[in-house]
Visitor: 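Just passing along the structure, written as structure tokens.
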Amino acid sequence: MAEPMLFKSADTQTVVQVGDQVYLPNTLHEVIVSFLLSNRDSINKYLESKKISTDIISLISGISSRLLRPGRGWVSGQISIKICLEFIPEDQTLVSETPDQDRVPIDVVSSPLDDLRAT
């Protein structure tokens, strides 16, 4: 399987076609962040209902926090939401290496276990 590619919000060289439209990854990123910010009141109420005592703006820009991992001490830093676009290429190797006429239906293929199954 082909490796996924992540696009950074600052990427202005790559374009992504979705349907008939072509976008820059940074444009998609900006639209998603704008949507979150324009709905901040309802998002903040939802965070509050889940006992999360910060707001969406702080999570987008980064908020002071500490991280504790098993067997290690506390580490200070920031936590933030990162929105990324991931592109997963279609795996064309199987299609291009095996023409349709060379494929055998699965029910015709014999198995070394057929003898055991018969008993």
Side-chain angles (χ1 to χ4, degrees):
M1 182 177 191
E3 289 293 314
M5 294 179 277
L6 296 178
F7 298 106
K8 297 183 184 216
S9 61
D11 187 343
T12 59
Q13 300 296 312
T14 306
V15 294
V16 178
Q17 181 178 359
V18 179
D20 294 336
Q21 300 294 315
V22 176
Y23 306 97
L24 292 169
N26 70 332
T27 301
L28 291 171
H29 180 270
E30 288 171 12
V31 168
I32 293 166
V33 170
S34 293
F35 173 79
L36 292 172
L37 294 176
S38 68
N39 291 286
R40 69 177 183 245
D41 290 339
S42 60
I43 294 171
N44 288 340
K45 285 178 185 174
Y46 181 78
L47 291 170
E48 191 176 302
S49 75
K50 298 297 180 183
K51 310 281 190 247
I52 298 174
S53 59
T54 189
D55 62 6
I56 191 64
I57 294 173
S58 296
L59 286 174
I60 290 172
S61 61
I63 187 168
S64 295
S65 61
R66 297 190 314 156
L67 176 73
L68 178 63
R69 290 190 167 162
R72 299 182 185 171
W74 285 99
V75 177
S76 296
Q78 288 198 345
I79 189 166
S80 63
I81 292 175
K82 295 296 178 202
I83 299 167
C84 71
L85 299 173
E86 178 182 55
F87 177 77
I88 303 169
E90 293 176 358
D91 190 347
Q92 296 294 324
T93 56
L94 295 176
V95 174
S96 62
E97 292 176 0
T98 310
D100 287 341
Q101 65 267 22
D102 293 340
R103 294 186 183 170
V104 178
I106 196 153
D107 58 349
V108 175
V109 177
S110 62
S111 167
L113 300 176
D114 286 345
D115 294 337
L116 293 173
R117 291 184 187 125
T119 57

Visitor: Let me check something: do Val18 and Met5 share a hydrophobic cluster, defined by ILVMFWY side-chain heavy atoms less than 4.5 Å apart, either directly or through other members?
Guide: yes
Visitor: Would you please name every residue forming a side chain to side chain donor-acceptor pair (under 3.5 Å) with Thr14, sequence neighbours left out?
Guide: Asp11
Visitor: Using the rule that two of Ile, Leu, Val, Met, Phe, Trp, Tyr join whenever any of their side-chain heavy atoms come within less than 4.5 Å, decide whether Phe7 and Ile81 are in one cluster.
Guide: no
Visitor: To which residues is Val22 joined in a hydrophobic cluster, defined by side-chain heavy-atom contacts under 4.5 Å among Ile, Leu, Val, Met, Phe, Trp and Tyr, whether direct or through other members?
Guide: Val15, Leu24
Visitor: Would you kindly confirm whether Leu37 and Leu28 end up in one hydrophobic cluster when ILVMFWY residues are joined by side chain heavy atoms under 4.5 Å apart?
Guide: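 No: no chain of side-chain contacts under 4.5 Å links Leu37 to Leu28.
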Visitor: Show every donor-acceptor pair shorter than 3.5 Å between a side-chain atom in residues 52-62 and any protein atom, with sequence neighbours excluded, or say none if there are none.
Guide:
| from | atom 1 | to | atom 2 | distance (Å) |
| --- | --- | --- | --- | --- |
| Asp55 | OD1 | Ser58 | N | 2.9 |
| Asp55 | OD1 | Ser58 | OG | 2.6 |
| Ser61 | OG | Ile57 | O | 2.9 |

Visitor: Is the number of heavy atoms from other residues, nucleotides or ligands within 6.0 Å of CD (Gln13) greater than 12?
Guide: no
Visitor: May I have all residue pairs that pass side-chain hydrogen bond (donor to acceptor under 3.5 Å, both in side chains) and include part of residues 22-49, sequence neighbours excluded?
Guide: none
Visitor: Return the minimal non-hydrogen interatomic distance between Pro4 and Pro89, and the atom names on each side.
Guide: CA-CD, 4.3 Å
Visitor: Is Leu36 reachable from Ile63 through a run of hydrophobic residues whose side-chain heavy atoms are each under 4.5 Å from the next?
Guide: yes
Visitor: Is it the case that one hydrophobic cluster holds both Ile79 and Leu67, taking links as side-chain heavy atoms less than 4.5 Å apart, direct or via other members?
Guide: no
Visitor: Could I get the full list of side chain to side chain contact (heavy atoms under 4.5 Å, CB included) partners for Arg66, not counting sequence neighbours?
Guide: Trp74, Ser76
Visitor: Looking at every heavy atom in both Val16 and Pro25, which two are closest together, and how far apart are they?
Guide: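 For Val16 and Pro25, the tightest heavy-atom pair comes out as CG2-CG, 4.1 Å.
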Visitor: When Ile, Leu, Val, Met, Phe, Trp and Tyr are grouped by side-chain heavy atoms lying under 4.5 Å apart, directly or through other members, which residues fall in the same group as Val31?
Guide: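 Grouped by the 4.5 Å side-chain rule, Val31 forms a cluster of one, so the answer is none.
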